[in-house]
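Working notes, beginning with the structure itself.
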Amino acid sequence: MATPLSSIVDVYFTDTKRRSFTNSCKQKPLTKFFIHCTSSQAPSTPTPDNKKKNNNNIGSNKNKKKNTSLSDQLAPLASKTLSSATPFAISNPKSTWVNPTKAKRIVVSPERQKRVLYSPTPHLKDLKLFVHKLNDSDSSSESEFLASLEEIPRPLTRENALLILNSLKPWQKTHLFLNWIRTQNSLPMETIFYNVTMKSLRFGKQFSLIEDLAHQMIDDGVELDNITYSTIISCAKKCNLFDKAVHWFERMYKTGLMPDEVTYSAILDVYARLGKVEEVISLYERGRASGWKPDPITFSVLGKMFGEAGDYDGIRYVFQEMESVRVQPNLGVYNTLLEAMGKAGKPGFARSLFEEMIESGIAPNEKTLTAVIKIYGKARWSRDALELWRRMKENGWPMDFILYNTLLNMCADVGLVEEAEALFRDMKQSEHCKPDSWSYTAMLNIYGSQGDVDRAMKLFEEMCKLGVELNVMGFTCLIQCLGRAMEFDGLVRVFDISVERGIKPDDRLCGCLLSVLSMSQGSKDEEKVIGCLQRANPKLVSFIQLVEDEKNSFETVKEEFKGIMTNAAVDVRRPFCNCLIDICRNKDLLERAHELLYLGTSYGLYPSLHNKTDKEWCLDVRSLSVGAALTALEEWMWTLTKIVKREEKLPELFLAQTGTGAHKFAQGLNISFASHLRKLAAPFRQSEEKVGCFIATREDLVSWVLSNSTAAAAT
DNA sequence: CTAGGGTTAG
């Protein structure tokens with residue numbers, strides 16, 4: 001019980017806000033990219049990167065929402081282990097606490113655990129052959145396996161036992177063999193036997209068996225070392241048993257064993273996956289204070305964590321740390337950081353980082369290219385994507401089928417139909433990259449968003465013939481395609497097939513049906529679509545009926561709306577609300593449409609609808625459906641009218657943004673919006689320099705309101 | 001997988 005865990009937890013938190021990014025700039029940077037990151041200017045990149053507000057508080061972005069407070073985060077650790085002497089480490093997490101009287105405790109061993117070298121095994125062909133025979137034998141019979149162990153051609157020495165443990169598979173046999181050695185009682189049980197067995201069990205994701213073995217070690221007095229703990233922790237991780245991983249890490253400290261760099265980075269990853277960013281940073285810094293030199297794997301762990309959190313400043317922190325520790329990123333680190341840049345919404349920085357990696361002489365692999373192509377696709381940077389693709393072919397960079405599929409998805413994102421078709425043909429002709437369900441789905445997505453029913457259906461038939469499984473997303477694309485083409489009979493047939501095949505409709509499919517429903521309204525096919533939706537999500541249908549009945553009060557609608565949205569996946573909530581508004585407008589239920597928009601806004605489904613500065617107010621309807629956009633416009637005009645009449649302060653300029661219709665769902669929004677403006681006789685003019693933007697001056701607006709009210713008074 | 005940690009698609 002030498003080192004209590006409090007040495008880890010009574011971490012003094014340095015104030016992350018005050019962390020200096022400038023110190024290491026004095027040195028010659030190891031990566032040029034670091035300069036880009038620390039300078040305030042973005043590298044030669046269009047704007048999307050700069051749009052998000054920069055938050056200088058590392059680890060603060062998304063995690064604040066997930067984790068309640070720091071003390072809550074630390075509670076599981078603190079309640080067990082925190083010494084009462086340091087309560088303020090928790091009560092005031094932002095304080096920079098340096099206790100001069102207390103020497104910093106070492107929390108990570110400066111040296112990696114030495115491996116016990118076991119003597120090189122002489123050629124033991126017979127023994128290896130014996131193991132192969134064991135591996136090939138029917139694994140169902142335990143007794144047969146144990147019986148055949150009696151025929152080992154060599155004495156059961158330590159080395160022979162290790163050779164067998166290392167080469168036996170699957171894990172059931174390794175496990176049986178370890179127990180067999182133990183019952184033979186001829187060999188002292190060593191840690192390494194358990195470690196090798198645990199590794200095999202980890203391969204089979206057998207965490208509870210690993211835990212049993214660990215307890216057996218404890219009972220039998222066999223020492224657990226860093227390799228044992230890191231194997232237990234990584235297996236717990238593989239099985240998503242993060243609390244177990246933390247438990248064994250704590251136990252290691254309690255028994256006085258210091259983690260080495262491998263165990264330490266493994267546990268950092270555990271906290272990272274739990275989204276406990278503050279803890280990871282403090283563990284990291286505590287380790288640094290112990291004299292630990294983090295290696296590329298640690299930086300991968302940190303980079304991935306910040307990427308998951310969408311925390312760009314955290315990613316900068318990783319660069320700064322690599323810089324100050326003088327660790328050059330390797331391919332793995334580049335890959336992780338590229339992906340993190342994508343997740344943090346920084347395509348421009350990702351591009352610079354990728355180019356820097358190439359310049360530094362590191363050749364990209366499939367994962368690198370997958371990450372970058374995906375980023376370009378999501379950013380809709382078709383030029384960059386095509387250029388990279390050209391370089392991939394020119395340099396003969398490695399391709400695998402994941403990369404092929406990512407390229408196909410990129411084509412769908414940026415609308416490259418012919419290129420996708422060429423790729424798809426390549427895949428069919430290739431040896432190792434035959435199109436799979438994902439590839440077909442990507443193609444269906446492309447044809448679906450083009451509204452090319454013939455090609456989509458041809459592909460569907462091909463899949464049926466070849467026996468390629470179509471998943472829920474494939475069906476969604478197909479249904480969307482048929483809906484847009486108003487081919488409702490075909491749509492019902494496809495939906496029936498999906499039900500027959502046991503496809504469970506998800507929220508995206510329901511959203512798709514909902515939008516199809518809004519298109520089918522007023523036609524004889526409306527009932528058919530409702531029939532599909534009824535089978536996919538009866539609650540949605542009841543809600544539509546409730547909304548359509550004008551007798552139902554706003555309060556009733558509000559309650560049910562809340563229920564529907566709470567049950568829906570986060571990323572379909574806005575589309576759901578958009579479609580519901582469309583459905584109301586199609587039935588001339590204008591008041592209800594406004595209520596739904598109000599509810600959607602109050603539940604945060606339209607966070608950037610209104611943007612105000614002193615000089616201009618902007619209505620951004622780019623993520624709204626046509627009906628929702630028109631409703632928002634009406635609402636805005638009413639509000640502005642009220643403000644004018646009350647003679648309150650107004651800005652000089654008013655903007656309404658519809659976008660250009662580049663996005664596949666936004667097509668037609670611009671046109672419908674313009675015609676609705678005409679109908680309202682609202683004083684907005686289509687901007688000449690900015691496409692998809694409508695402008696009005698304060699003067700225009702005021703005179704419009706006044707003339708409207710005179711007109712109203714006259715009638 | 002010759003005892004342990006990180007990096008691949010809607």
Side-chain angles (χ1 to χ4, degrees), chain A residues 112-118 120-121 128 131 159 162-171 174 190-204 224-235 237-238 245 259-270 272-273 294-305 307 329-340 342 364-374 377-378 398-410 412-413 436-442 444-445 448 471-474 476-477 506 508 571:
Chain A
R112 189 188 285 221
Q113 181 184 319
K114 293 272 184 299
R115 289 173 187 227
V116 181
L117 290 169
Y118 53 97
T121 331
K128 284 182 185 165
V131 178
E159 280 67 32
L162 276 174
L163 184 137
I164 297 171
L165 277 174
N166 265 316
S167 32
L168 261 181
K169 56 186 171 189
W171 55 268
T174 325
E190 292 181 37
T191 305
I192 189 169
F193 294 163
Y194 285 95
N195 289 349
V196 175
T197 307
M198 283 184 179
K199 185 179 174 181
S200 173
L201 289 170
R202 186 187 56 183
F203 194 73
L224 282 76
D225 64 10
N226 257 287
I227 296 176
T228 321
Y229 281 111
S230 59
T231 311
I232 295 172
I233 289 168
S234 65
C235 180
K237 249 188 330 195
K238 210 173 169 183
D260 69 4
E261 55 177 347
V262 175
T263 317
Y264 208 67
S265 63
I267 202 69
L268 280 182
D269 188 48
V270 170
R273 302 248 198 127
D295 63 0
I297 291 177
T298 310
F299 292 120
S300 265
V301 168
L302 293 180
K304 187 184 174 193
M305 171 183 76
N330 61 15
L331 181 59
V333 173
Y334 271 117
N335 288 351
T336 319
L337 289 173
L338 282 168
E339 211 173 304
N365 66 5
E366 297 90 334
K367 293 177 189 178
T368 323
L369 298 166
T370 299
V372 179
I373 284 290
K374 188 181 162 193
K378 289 277 156 289
M399 292 275 281
D400 62 4
F401 81 106
I402 293 179
L403 181 50
Y404 263 112
N405 284 344
T406 308
L407 280 164
L408 283 178
N409 283 326
M410 178 274 290
D413 282 331
D436 67 349
S437 158
W438 291 68
S439 331
Y440 274 94
T441 306
L444 283 176
N445 189 12
N471 60 21
V472 65
M473 184 190 173
T476 306
C477 292
D506 61 5
R508 280 168 189 267
D571 53 354

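Note on naming: letters A, B, ... go to the chains in the order of the sequence lines (proteins, then strands), and numbering restarts at 1 for each one.
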Measure distances between side-chain N and O atoms of [X] and base N and O atoms of [N], and say whether any donor-acceptor pair falls under 3.5 Å.
X: A:N166; N: B:dT2; result: no
X: A:T263; N: B:dG5; result: no
X: A:D295; N: B:dG5; result: yes
X: A:S230; N: B:dG4; result: yes
X: A:N445; N: B:dG10; result: no

Is the phosphate of [N] approached by [X] (side-chain N or O, under 4.0 Å from OP1 or OP2)?
X: A:K199; N: B:dA3; result: no
X: A:K128; N: B:dT2; result: no
X: A:R202; N: B:dG5; result: yes
X: A:K378; N: B:dA9; result: no

In whole angstrom, give the distance that lies between atom [atom1] of [X] and atom [atom2] of [N].
X: A:Y264; N: B:dG6; atom1: OH; atom2: C1'; value: 17 Å
X: A:M198; N: B:dG4; atom1: CE; atom2: P; value: 13 Å
X: A:D269; N: B:dT7; atom1: CG; atom2: P; value: 6 Å
X: A:L408; N: B:dA9; atom1: CG; atom2: C1'; value: 11 Å
X: A:E159; N: B:dA3; atom1: CD; atom2: C1'; value: 14 Å
X: A:D225; N: B:dG4; atom1: CG; atom2: P; value: 11 Å
X: A:W438; N: B:dA9; atom1: CH2; atom2: P; value: 8 Å
X: A:L162; N: B:dC1; atom1: CG; atom2: P; value: 18 Å

Please confirm whether the backbone N or O of [Y] pairs with a side-chain atom of [X], one donor and one acceptor, at under 3.5 Å?
X: A:D436; Y: A:S439; result: yes
X: A:N409; Y: A:A412; result: no
X: A:Q113; Y: A:N226; result: yes
X: A:D269; Y: A:A272; result: no

In terms of side-chain heavy atoms of [X], which of [options] is nearest?
X: A:E339; options: B:dT2, B:dG4, B:dT8; value: B:dT8
X: A:I402; options: B:dA3, B:dT8, B:dG10; value: B:dT8
X: A:Q113; options: B:dA9, B:dG6, B:dA3; value: B:dA3
X: A:V262; options: B:dG6, B:dG10, B:dG5; value: B:dG5
X: A:K237; options: B:dG4, B:dG10, B:dG5; value: B:dG5
X: A:N335; options: B:dG10, B:dT7, B:dA9; value: B:dT7
X: A:T406; options: B:dA9, B:dG5, B:dT7; value: B:dA9
X: A:N330; options: B:dG6, B:dA9, B:dT7; value: B:dG6

- Pick one: which of A:L408, A:N405, A:T406, A:N471 meets side chain to side chain contact (heavy atoms under 4.5 Å, CB included) with A:W438? A:N405
- A:K199: partners by side chain to side chain contact (heavy atoms under 4.5 Å, CB included), with sequence neighbours left out: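 Result, side chain to side chain contact (heavy atoms under 4.5 Å, CB included) vs A:K199: A:R202.
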- Integer angstrom distance from the P of B:dC1 to that of B:dG6: 14 Å
- Assign each of A:L168 and A:R112 to its nearest nucleotide of DNA chain B by heavy atoms, then name whichever residue's nucleotide is nearer the 5' end. A:L168
- Stacking between A:Y229 and the base of B:dG4 (centre distance under 5.5 Å, interplanar angle under 30°)? no
- Between A:K374 and A:D413, does at least one N-O distance fall below 4.0 Å, as a salt bridge requires? no
